[in-house]
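Here is the naming used below: chain letters follow the sequence lines, and residue numbers restart at 1 for every chain.
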Amino acid sequence: METDARRLVLIDGSSYLYRAFHALPPLSNEAGEPTGALFGVVNMLRSTLKERPEYVAFVVDAPGKTFRDELYADYKANRPPMPDELRAQVQPMCDIVEALGMPILRVPGVEADDVIGTLALQAAADGIDVTISTGDKDFAQLVRPHVGLVNTMSGSRMDSDAAVMDKFGVRPDQIVDYLALMGDAVDNVPGVTKCGPKTAAKWLEAYDSLDGVIEHADEIKGKIGDNLREALDRLPLNRTLVTIRTDVALDAGPTDLALRDADTGVLRTLYARYGFKQALKDLDGGAASDDRASAAGQAGTRNTAAGYAKSAPTGEAPDPALAAPGEYTCVDSGEALDAWTARLASADGFAFDCETDALDPMQANLVGLSFAIDPGEACYIPVAHDYPGMPAQLDRGAVLDALRPVLQDAAIRKVGQHGKYDLQVLRRHGVEVRGYADDTMLESFVLNATATRHDMDSLARHYLGYETVKYADVAGKGAKAITFDKVALDDATRYAAEDADVTLRLHRVLSARLAQEPTLERVYRDIEMPLVQVLERIEANGVRVDADELRRQSADLSRRMLAAQQKATELAGRTFNLDSPKQLGALLFDELGLPALVKTPKGAPSTNEEALEAIADQHELPRVILEYRGLAKLRSTYTDKLPEMINPDTGRVHTSYHQAGAATGRLASSDPNLQNIPIRTDDGRRIRTAFVAPEGRRIVACDYSQIELRIMAHLSGDAGLVEAFASGADIHRATAAEVFGKPIDAVEPNERRAAKAINFGLMYGMSAFGLAKQLGVPRGEAQDYIAQYFNRYPGVREFMERTREQARERGYVETVFGRRLYLDQIHARNQGLRAGAERAAINAPMQGTAADIIKRAMIDIDGWLEAHREHALMVLQVHDELVFEVETGFVDTLLEAVVERMCAAAELRVPLVVDSGVGSNWEEAH
DNA sequence: CACATCTGATACGTC
DNA sequence: GACGTATCAGATGTGA
């Protein structure tokens, strides 16, 4: 049957005015009045009226607060006041709307949206077809039978569920939830950080509604999952704020909104005044008009009272009762400096922090220092700020001279946060800090490596419930970030002095906690703290890298990459990006129809090495890709990158060691990572030839032999394993002999290889499945190997059981030296997570003990090196290996001292064995 | 809407 | 098992 032909058009006036204002150039009429927004709106109105709807309303916001402001004090708090050029166009717009014969609606206490929503539903219920004319996506929530949207400026329509689905990926009834998740920056309604249209639609697809998303919030992984959980409390309010009301009490109903005839006389005057030529032409049925001059001099606009005034004032600035704010002073006079120096000199200890202009401690210039002696009070001493119009500051050299006695006094205990950085910067500025006694980063790390990150902001939040001033707040971020020397002194003082203050407060809390745990305190006091300066020295030493050699290797790799690329293009029959797993997957599995035997964790067909190997016998391309990948990896990560990392001042590469980087207690290395320089392939190993010793010196490398297996023997006490190590046998061969039940001399190479895989697998807590994959044998066979292994080394099985048990009972495992690793997931319901925690539980004591041992050796060796600094430098640590740069004539002395100290770093049930080598480069030293 | 920035996915180097 | 880095691709945020 025919539908009722009656139509209602509801025009979202505010939305159009703003959009037209921003979208169009700032036009003006001959009198200089701004007309851009007006022009856009008038064109929109005229095109709307071409269809002669029976009913129409132009809806704008009324002045004053709305119910949303009552619900949420900060609603639209960020919205800047309406620009004057726009404000001036409001009244003319209303005049024109009026003259066009359209009713204008303006209802206090609600927004235009709510008026439109109410009228739309009333009309739809009466069988009237409603078109909402708006540029605002929020209205998609109203789409339903008889209600559609049109954006006259873009010409797009949205009048069905399918259209909404198409545009937003959610149904109209999900739009409110969708908006609640995303939030609205313009209205100052924060949603879930980093959740935009795609993410919101994805979640709603999975869980249907906001309630569903909230219910399953803990299933969502990654940073964005955290963001969601952080936002949970405010989401219901968001939903209320973004819901357009449909129950507003109105004086008029839809049928009171009949379109009247236009007042062409008034219109002509107005169009002429604002110079709308086309509109005039249409008005006169195509005839041009030239009566504009008569109107041009008319009096200006009436003072607008329309509802575009800036929105309600904000609520009070949030000032939650956190830890009391500190009292911070900026030291800018000799007297103030003397006073602080005197206080520092007579203090037992203090906290300090350096501000610089760079993250790299080998390049950073000291910009200022901060100190705190008692919590809540701190000072900042700017010494190298540099920006226009800044107040006076003290001279850097003079300040350092004044502070040097306290900084170098070993009897005055200093505490810092990640002090290795500050020590390094100060050393480069001629101050050798002594008495560096405590470091809050390391206190936190030793107390619980996984409970929190160990940067100061996280520590303050976690241990003090205190929100620090963020670096980005004073210096900005991204491309607009400024270096600290450009930060205004009062901002700098607020930020920097707080660093020292918070460090001191943290130390009070953390040292008290450590005092409760004597074993952990020993790890902290005997291992981590002494290591700080050792690492600082290794980093500062750097390692000599032969850039020319690497560039030659890069050129060689490039040549071979190009060949591989050409070959790949030929085999594929078209070009594609060899670096894109996605494109490669499409080519191999869709176009060429090769079997996708391996899946990525997300379930997509994997193109990793294993997957490509598996299909290499069916097509030439996979092999070529593997070749290309190997070459590309070496070039981009190593041969291209390392020369760039050479410090221009020292001519050497200075890595950064993260002492609180790995939960097991291992170090991590970055910028560049020198702990993953290739060794397994010939091409890769060649990179090590570029790590060289200068003239007259040699590279000496010393590494622990099988240290983790030895630790396993120690921890398990397994008689067979201990005996194998005591006898000095090749451990993999000995294992093979046991597992395969034959004399040690009869072990075949592939049996030794299998045994080696078993040994490694055990240390990683590997399953039969993993071992089978590693060895390329059926799972049952791998299972047999493991069973046989445990049969022959029953102590190892018991040790593993014991370790798992301890993890379950106490929630942590420990190293020989008492370092703890907490395993949060050990009781996880999720089987995969729990199994992962169990593997970590088994691996951590071995990996962690090895880390403890080499750290102890490093401290000892560094102490010995103290007297021999001109002859030898420690330059690298790679988990079980130490690398030195040594005067040729000193090599033998060093080797003896180092090997002895490495072997003596722990007393285990089995001997520690150290292998060593000497060469002109790192490759030769192996 | 163009551009910058961030995040996640994938892959792979070491011990 | 423990890491760090490169690249791509997509999404979000920003500003003209």
Side-chain angles (χ1 to χ4, degrees), chain A residues 22-23 25 182-183 185 191-202 221-225 227 449-450 477-481 577-585 598-612 625-626 629-630 632-638 640-642 645 655-658 661-681 683-685 687-688 703-704 706-708 760-767 770 813 821 823 835-848 850-851 854 876-881:
Chain A
H22 289 293
M182 284 195 296
V192 176
T193 308
K194 289 279 152 195
C195 173
K198 302 292 175 180
T199 307
K202 189 173 75 188
K221 290 179 298 191
K223 188 152 200 151
I224 201 152
N227 292 343
T450 51
K477 59 173 181 168
K480 293 196 309 285
N577 186 344
L578 279 75
D579 293 321
S580 165
K582 197 180 167 181
Q583 291 184 28
L584 179 62
V598 184
K599 298 267 184 276
T600 68
K602 293 292 266 184
S606 173
T607 67
N608 68 12
E609 184 172 352
E610 186 194 347
L612 296 184
I625 296 293
L626 286 172
R629 284 226 184 115
K633 175 83 175 181
L634 293 179
R635 199 189 71 167
S636 66
T637 309
Y638 304 106
D640 277 359
K641 200 38 136 271
L642 286 171
M645 302 298 289
T655 184
S656 174
Y657 287 105
H658 308 289
T664 51
R666 267 195 186 175
L667 300 178
S669 154
S670 70
D671 309 295
N673 181 354
L674 296 184
Q675 291 183 323
N676 72 342
I677 303 302
I679 194 167
R680 285 192 300 204
T681 64
D683 280 328
R685 187 180 301 119
I687 292 168
R688 295 188 173 223
D703 68 285
Y704 283 111
Q706 308 295 353
I707 188 166
E708 292 189 15
F760 275 94
L762 287 166
M763 285 189 298
Y764 296 160
M766 193 190 267
S767 61
V813 293
L821 176 64
L823 298 150
E838 287 181 3
R839 287 194 293 273
I842 293 187
N843 177 251
M846 295 184 265
Q847 194 182 112
I854 198 167
L876 293 173
Q877 190 258 36
V878 192
H879 306 309
D880 65 357
E881 173 181 7

Between C/dG4 (P) and A/Met645 (CE): distance, integer Å:
14 Å
Do other residues, nucleotides or ligands put more than 12 heavy atoms under 6.0 Å from A/Lys599 NZ?
yes
In whole angstroms, the gap separating P of C/dG1 from CD of A/Glu708 amounts to 13 Å
In residues 599-608 of chain A, which ones come under 4.0 Å of DNA chain C, going by heavy atoms?
none
Do A/Tyr638 and A/Asn673 have a side chain donor and acceptor closer than 3.5 Å?
no
Nearest whole Å is fine: how far is C/dT7 C1' from A/Lys582 NZ?
14 Å
Take the protein atom CG of A/Leu584 and the nucleotide atom C1' of C/dC8, then report the distance between them rounded to whole Å.
13 Å
Answer yes or no: is there a donor N or O on one side and an acceptor on the other, between the side chain of A/Arg688 and the main chain of A/Pro678, under 3.5 Å?
yes
Look at the side chain of A/Gln675 and the backbone N and O of A/Gln877, then say whether any donor-acceptor pair between them is shorter than 3.5 Å.
yes
Pair A/Leu674-A/Val878, side-chain contact (heavy atoms from CB on, under 4.5 Å): steps then yes or no
CA-CA 8 Å; A/Leu674 296 184; A/Val878 192; over 6 Å; no
In whole Å, I'd like the distance from the OH atom of A/Tyr657 to the C1' atom of C/dC3.
13 Å
What integer distance in Å separates A/His879:NE2 from C/dG1:P?
16 Å
If we count only N and O atoms by modelled type, under 3.5 Å, do the side chains of A/His658 and A/Ser669 hold a donor and an acceptor together?
no
Phosphate OP1/OP2 of C/dA6 contacted by A/Lys633 side-chain N/O (<4.0 Å):
no
At their closest point, which heavy atom of A/Val192 faces which heavy atom of A/Ile224, and how far apart are they?
CG1-O, 4.3 Å
Please round to the nearest 0.5 Å and tell me the distance separating atom CG of A/Asp640 and atom CZ of A/Arg635.
5.0 Å
N/O (side chain, A/Gln583) to phosphate O (OP1/OP2, C/dA9) under 4.0 Å
yes
Give the first and the last nucleotide of DNA chain B, reading 5' to 3', that has any atom under 4.0 Å from a heavy atom of chain A.
B/dT5 to B/dC15
I need the CG-P distance between A/Leu578 and C/dA9, as an integer number of Å.
12 Å
Take the protein atom CD of A/Gln675 and the nucleotide atom C1' of C/dT5, then report the distance between them rounded to whole Å.
13 Å
Has the side chain of A/Asn843 got a donor or acceptor atom that lies under 3.5 Å from a matching backbone atom of A/Met763?
yes
The single option from A/Asp579, A/Thr607, A/Asn608 that satisfies side chain to side chain donor-acceptor pair (under 3.5 Å) with A/Arg629 is A/Thr607
For A/Pro672 and A/Ser580, find the nucleotide of DNA chain C closest to each by heavy atoms; which residue's nucleotide sits nearer the 5' end?
A/Pro672
For nucleotides 11-16 of chain C, 5' to 3', base contacts (B), sugar-phosphate-only contacts (S) and non-contacts (-) with protein non-hydrogen atoms under 4.0 Å give SSS-S-
Under 4.0 Å between a side-chain N or O of A/Arg839 and OP1 or OP2 of C/dG1?
yes
